[in-house]
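Everything below concerns the one structure shown next.
Order of appearance sets the numbers: ligands from 1, and atoms from 1 within every ligand.
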Amino acid sequence: MDSETLETFTRLGNSIVRDGWKKSLDVLFALLRKKFVFDNLVIYIIEGSGSTPEVIYARAAGRGRSKEADASWGEEIAIQVITTGKAVESQPANPPSTDRTTTPHLLGLPLIFPDRRGALVFIRFGGPEFTAEQMPLAILAATQTARVLELNILQENMTQLELARHRAQLQDDFIATISHELHTPLGFIKGYTTSLLRSDTTWDTATQKEFLTIIDEESDHLLTLIDRMLDSARLQSGTMSMDFQPIRLDSHLRNVAQKAQGRQEGLDVVLDLTSAPPIQADTVRLVEVFDNLFDNAIKYAPGATITISLQVKDNWQIVTFTDLGPGIPTEHIPFLFERFYRVPGQFSKSGTGLGLFICKQIIQAHHGRISVKTSPGKGTAFKIELPFHPEKAV
Ligand code: ADP
């Protein structure tokens, strides 16, 4: 094998792994064109038992560049190739003319897959004709094209499988999490109530008050949990209605910080709030998001300074909650906003894994975005971007 062909294969192999199938085909056809002239090419695929070929890739390399978008010129020959499973060549019906794009020479080659059918169609405007000597190279290109696409299908299937496995795991975790989360407060409530009701023991007033306080706190915890589960179900099914009113984010962020400082003595909060005009938002839901991000910072970055900033950029207001806590290992970031996802190893801290999921749904209902940046050992920043007018941001 000559060194150029070797290099071709090496570049193609690297490109498949690195850049995905479209870029790999770009590399393949750019290299092919050095030895096999063509102006345009199109790949058609018929999925399953369908009969209409879909264009999945089209490139214009030479004359007739503008024809790339209009790839329908190859459809007829693609259907013939797919139906017969054989290479089909078609010469122009028109006599040679000065406008070469009116005299297309077409060559269609079958693409062989286990579960779909396809064709690779080359076009030369105004010739030259496709010759028998050029066929082996064209067939090799079609074989390589099918391989690249096959690899892509396999990769997609693997990603789908991995996602399905991950979802199934989340469902299993859900049952375990919810049973555990419901069990723990109920266990306390039941235990302390039974103790108070014991006929063989009398409790002094201070002890009775202590037990009742625990029962009260655990009942609150249970109510929060049930509310969150209901919220998350409503948000996911799209049945939670939003009440949009003009609100000022800076004043709500100040209140949320004050409330949190009331709950947590010595909490170090830095406010960096631009005075921004009102935006259309659902106050109750948005405050729920802010409370949740605050509670998370307090819970997962205990003792660390928390900075809340508000900035205005174009038609967006940007709220950032930054803590200088331990951060989140980066491999967990893609799953953080999923329902019931909790970073392993933090299960001693109470939680449901529903908070960030709910935040994301609420922000999306405002046509906004929420994202996280974290640096393990240095801290975490949650960024919320809200449009001034949610209805225009769709
Ligand atoms: P919960 O707090 O109920 O577990 P969330 O959905 O609010 O659920 O958060 C998901 C996970 O994200 C948490 O379990 C925690 O591991 C991680 N997390 C959230 N906020 C922070 C933070 N500020 N610092 C470190 N980890 C965080």
Side-chain angles (χ1 to χ4, degrees), residues 166-167 169-185 217-218 220-236 240 253 256-257 259-261 263-264 267-271 285-309 319-365 369-384:
H166 178 65
R167 293 223 169 85
Q169 181 69 44
L170 280 180
Q171 293 294 338
D172 287 353
D173 292 351
F174 163 63
I175 309 283
T177 309
I178 290 303
S179 336
H180 172 78
E181 291 293 326
L182 292 175
H183 239 264
T184 313
E217 282 172 3
E218 293 302 325
D220 281 348
H221 182 79
L222 211 51
L223 277 177
T224 311
L225 179 66
I226 291 167
D227 280 349
R228 288 203 153 184
M229 284 172 60
L230 286 175
D231 272 3
S232 95
R234 283 196 204 111
L235 280 160
Q236 207 173 32
M240 182 179 283
L253 288 166
V256 167
K259 257 192 323 184
Q261 279 172 317
R263 283 199 304 274
Q264 185 83 14
L267 190 65
D268 186 12
V269 181
V270 177
L271 292 178
R285 294 291 157 206
L286 220 48
V287 166
E288 197 183 322
V289 172
F290 298 155
D291 277 338
N292 191 74
L293 294 181
F294 230 126
D295 287 346
N296 275 355
I298 295 171
K299 194 160 53 167
Y300 300 111
T305 304
I306 302 166
T307 306
I308 307 176
S309 73
V319 179
T320 318
F321 281 73
T322 311
D323 67 60
L324 302 177
I328 303 167
T330 43
E331 66 270 25
H332 299 289
I333 301 299
F335 311 112
L336 223 52
F337 293 95
E338 285 189 8
R339 205 142 78 131
F340 304 116
Y341 196 81
R342 305 196 70 204
V343 174
Q346 291 187 322
F347 292 111
S348 59
K349 298 193 168 96
S350 74
T352 57
L354 288 172
L356 290 178
F357 171 79
I358 291 175
C359 289
K360 184 168 184 183
Q361 302 288 316
I362 293 175
I363 297 301
Q364 283 180 342
R369 302 184 281 253
I370 182 165
S371 56
V372 60
K373 275 211 172 118
T374 182
S375 172
K378 293 196 181 141
T380 306
F382 285 92
K383 177 160 122 186
I384 297 168

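With rounding to the nearest 0.5 angstrom, the CG atom of L225 is 7.5 Å from the CG atom of L354.
Looking at F335, F321, Y341, it is Y341 that brings a heavy atom closest to atom 10 (C) of ligand 1. Looking at F337, F294, Y300, it is Y300 that brings a heavy atom closest to atom 25 (C) of ligand 1. Nearest residue to atom 23 (N) of ligand 1 from D323, T374, I306, I333 is D323 (criterion: closest heavy atom).
Between H332 and Y341, the ring planes lie tilted relative to each other; the angle falls in the 30° to 60° range.
Residue T380 touches ligand 1 through its side chain alone, judged by heavy-atom distances below 4.0 Å. The side chain of I328, and not its backbone, has at least one atom closer than 4.0 Å to an atom of ligand 1 (non-hydrogen atoms only; side chain from C-beta on). Only the side chain of K299 comes within contact range of ligand 1, with a heavy atom under 4.0 Å; no backbone atom does.
An N or O contact shorter than 3.5 Å links R342 to ligand 1 by distance. Of the polar atoms of L356, at least one N or O is found under 3.5 Å from an N or O of ligand 1, judged by distance alone.
Within the structure, the salt bridge (charged side-chain N to carboxylate O under 4.0 Å, His left out) test picks out the following pairs touching residues 288-299 (sequence neighbours left out): K259-D291, R263-D295, R285-E288.
Counting heavy atoms from C-beta on, the side chains of T320 and I384 never come closer than 4.5 Å.
Counting atoms of ligand 1 from 1 in the listed order, those under 4.0 Å from a heavy atom of G353 are 1 (P), 3 (O), 4 (O), 6 (O), 8 (O). Counting atoms of ligand 1 from 1 in the listed order, those under 4.0 Å from a heavy atom of N292 are 7 (O).
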Item to complete: Report the C-alpha separation of L230 and R234 in whole Å, then their side-chain angles, then the decisive distance to 0.1 Å, and conclude whether the side chain to side chain contact (heavy atoms under 4.5 Å, CB included) test is met.
Response: CA-CA 6 Å; L230 286 175; R234 283 196 204 111; 4.3 Å; yes

Discussion item. Please determine whether side chain to side chain contact (heavy atoms under 4.5 Å, CB included) holds for the pair L271 and V269, giving the CA-CA distance in whole Å, both sets of side-chain angles, and the decisive distance to 0.1 Å.
Written reply: CA-CA 6 Å; L271 292 178; V269 181; 4.1 Å; yes

Discussion item. Quick one, I333 with I328, criterion side chain to side chain contact (heavy atoms under 4.5 Å, CB included). Give me CA distance, side-chain angles, the key distance, then yes/no.
Written reply: CA-CA 7 Å; I333 301 299; I328 303 167; 4.0 Å; yes

